[in-house]
Amino acid sequence: MRSPASQQHTLCQNQASYPQQMEEPLCHSDTQQNGNQDWMSNLPARLWDVPLYNLSIPGSHDTMSYCLDKTSPISPEAPKVAFLLDQYVPSIVRNFIYKWSRTQVILQDILRWLQIHPKEMLLLSCRDLIGIPPILYTHFIRIIHKILGPKLCPKNETPTLRNMWKQGYQVIVCDGSILQLVDEYLWPPIPYLWANTTSTRFLIHFLEKEKQNGRPVGFFTAGLNLTEDSLYILRHPFGSIRKLTLPKLQFLYKWVQNQHAGPQKDAINIIAEDLIGADNFVSAVINLNRKLLADP
């Protein structure tokens, strides 16, 4: 399909070291200023054998997605059933097709970035799959295999930097569908700790309470994204996620600085934010790995 890009919901959510956002940043990102695009390969050798789920990893809750004009043709590479369904129930089918039709473009961009940064790892978390026709989602997974193929890490591997470098793996795909049970390259879904609030204080209280309950096994994400509700939208008719989040970044930044990675009960793993290119968020999350060097 062909169309201009726009900000819509996305099937595949990046939760790690992703190529720079495909939209103009709010300000000069600390990722650009400090060379954080190669932060994994720059970690001290002592951390090369630490599983990625015990490292501190910056994540984005602001991934890029696309929508299409309703007159746009279906991609020739789409499954045949998509053409058939589009002919008879286009108003229903195209709502799903719009959301993944440009996925190949995004994955090709990711592949090029990985080729330039051969020692960097990427976690892709496929979430919010409710209502997506299985035939379309199966095709989406096939596209991932087709484009990223040899770079996909199977789920029976221990995901340390040293092990993944040795075997040429750079991508871990975490999936919330039934396909995860039968595809050796689809890892279990990543739990996302989401406060669903506009209040930074409630968000931090929520995350601290979750930490007391103990970290999940494997990868998990602490979401620092604030969420607009109906009341907020009514009170701020000209508001936006940026206007909601920007004034509160410093408060969230201080919370990040007080965290630590590792296998401990109260440790963090992935920390995700909406405006990942703003403030010093990426550097702050990466720098938490220094604390692991202090452990005996």
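For the pair Leu224/Val256, a side-chain contact is recorded, criterion being any heavy-atom separation below 4.5 Å from C-beta on. Contact check for Leu55 versus Leu52: side-chain heavy atoms found under the 4.5 Å cut-off. Residues Lys166 and Arg162 have side chains not in contact (no heavy-atom distance under 4.5 Å, counting atoms from C-beta outward). In this structure, Leu148 and Gln170 have side chains that are not in contact, with every pair of non-hydrogen atoms separated by 4.5 Å or more. For the pair Tyr192/Asn225, a side-chain contact is recorded, criterion being any heavy-atom separation below 4.5 Å from C-beta on. Using a 4.5 Å heavy-atom threshold, the side chains of Gln115 and Lys151 count as touching. Contact check for Ile172 versus Leu124: no side-chain heavy atoms found under the 4.5 Å cut-off. The side-chain heavy atoms of Val285 and Ile57, taken from C-beta on, include no pair separated by under 4.5 Å.
In summary, the side chains of Glu120 and Ser41 do present a donor paired with an acceptor at a separation below 3.5 Å, with no hydrogens or angles considered. In this structure, a donor-acceptor pair under 3.5 Å is absent between the side chains of Asn269 and Thr221. Counting only N and O atoms by type, the side chains of Trp194 and Thr227 include a donor and acceptor under 3.5 Å apart. If you check the side chains of Trp113 and Gln37, you find a donor sitting under 3.5 Å from an acceptor. Under 3.5 Å, the side chains of Tyr185 and Asp175 contain no donor-acceptor pair of N or O atoms.
Atom CE of Met40 is separated from atom CH2 of Trp165 by 9.5 Å, given to the nearest 0.5 angstrom. Summarising the geometry, atom NZ belonging to Lys119 is positioned 10.5 Å from atom CG belonging to Asp38; distances are rounded to the nearest 0.5 Å. Note that the NE2 atom of His260 and the CG atom of Leu292 stand 9.5 Å from one another [nearest 0.5 Å]. With rounding to the nearest 0.5 angstrom, the CG atom of Leu249 is 10.0 Å from the CG atom of Asn280. In this structure, CG in Leu288 is found 9.0 Å from CG in Asn258, a value given to the nearest 0.5 Å. Annotation: the span from Glu273 atom CD to Thr245 atom OG1 amounts to 7.5 Å, rounded to 0.5 Å.
No chain of hydrophobic side-chain contacts below 4.5 Å, direct or via other Ile, Leu, Val, Met, Phe, Trp or Tyr residues, connects Ile116 to Trp39. Clustering ILVMFWY residues whenever any of their side-chain heavy atoms sit less than 4.5 angstrom apart, transitively, puts Leu186 in a cluster other than the one holding Val217. Val182 is not connected to Phe140 by any chain of hydrophobic side-chain contacts under 4.5 Å among Ile, Leu, Val, Met, Phe, Trp and Tyr, and they are in different clusters. Residues Trp187 and Ile178 do not share a hydrophobic cluster, clusters being chains of Ile/Leu/Val/Met/Phe/Trp/Tyr side chains in contact below 4.5 Å.
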(request) Could you walk me through whether Lys146 and Arg142 pass the side-chain contact (heavy atoms from CB on, under 4.5 Å) test, one step at a time? (result) CA-CA 6 Å; Lys146 177 181 177 181; Arg142 287 174 181 166; over 6 Å; no

(request) Step by step, work out the side-chain contact (heavy atoms from CB on, under 4.5 Å) result for Thr198 and Leu226. (result) CA-CA 5 Å; Thr198 60; Leu226 298 171; 5.5 Å; no

(request) Please assess Phe219 against Ser125 for the test side-chain contact (heavy atoms from CB on, under 4.5 Å), listing each intermediate value before the final yes or no. (result) CA-CA 10 Å; Phe219 296 107; Ser125 177; over 6 Å; no

(message) Under the criterion side-chain contact (heavy atoms from CB on, under 4.5 Å), I'd like the reasoning laid out for Thr138 against Leu179: C-alpha separation, chi angles, the key distance, then a yes or no.
(response) CA-CA 8 Å; Thr138 300; Leu179 294 178; 4.1 Å; yes

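Considering every non-hydrogen atom in both Lys155 and Asp183, the closest pair reads NZ-O, 3.3 Å. Nearest heavy-atom pair across Phe220 and Ala267 is CZ-O, 3.3 Å. Across Leu161 and Met121, no two heavy atoms sit closer than the pair CD2-CG, 3.9 Å. Scanning both residues, Cys174 and Pro189, for their nearest heavy atoms gives CB-CA, 4.4 Å. Minimum interatomic distance between Asn289 and Ser56 (heavy atoms only, all atoms of both residues): OD1-N, 2.8 Å. Across all their heavy atoms, Ser283 and Asn36 have their closest contact at OG-ND2, 3.0 Å.
The aromatic rings of Tyr232 and His236 lie parallel to each other, their planes meeting at an angle below 30°, with 60° marking the opposite boundary.
The environment of CD1 in Ile233 is crowded: more than 12 heavy-atom neighbours from other residues, nucleotides or ligands sit within 6.0 Å.
Scored by the side chain to side chain contact (heavy atoms under 4.5 Å, CB included) test, Pro150 finds no partners at all (sequence neighbours excluded). With sequence neighbours left out, the side chain to side chain contact (heavy atoms under 4.5 Å, CB included) criterion links Glu157 to Cys153, Pro154, Asn163, Gln167, Tyr169.
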Tabulate below the donor-acceptor pairs under 3.5 Å that side-chain atoms of residues 200-208 make, not counting sequence neighbours, or state none.
from   : atom 1 : to     : atom 2 : distance (Å)
Glu208 : OE2    : Lys211 : NZ     : 3.3
Glu208 : OE2    : Trp255 : NE1    : 2.7

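Although no hydrogens or angles enter the test, the distance criterion places no donor-acceptor pair under 3.5 Å between the side chain of Arg215 and the main chain of Pro263.
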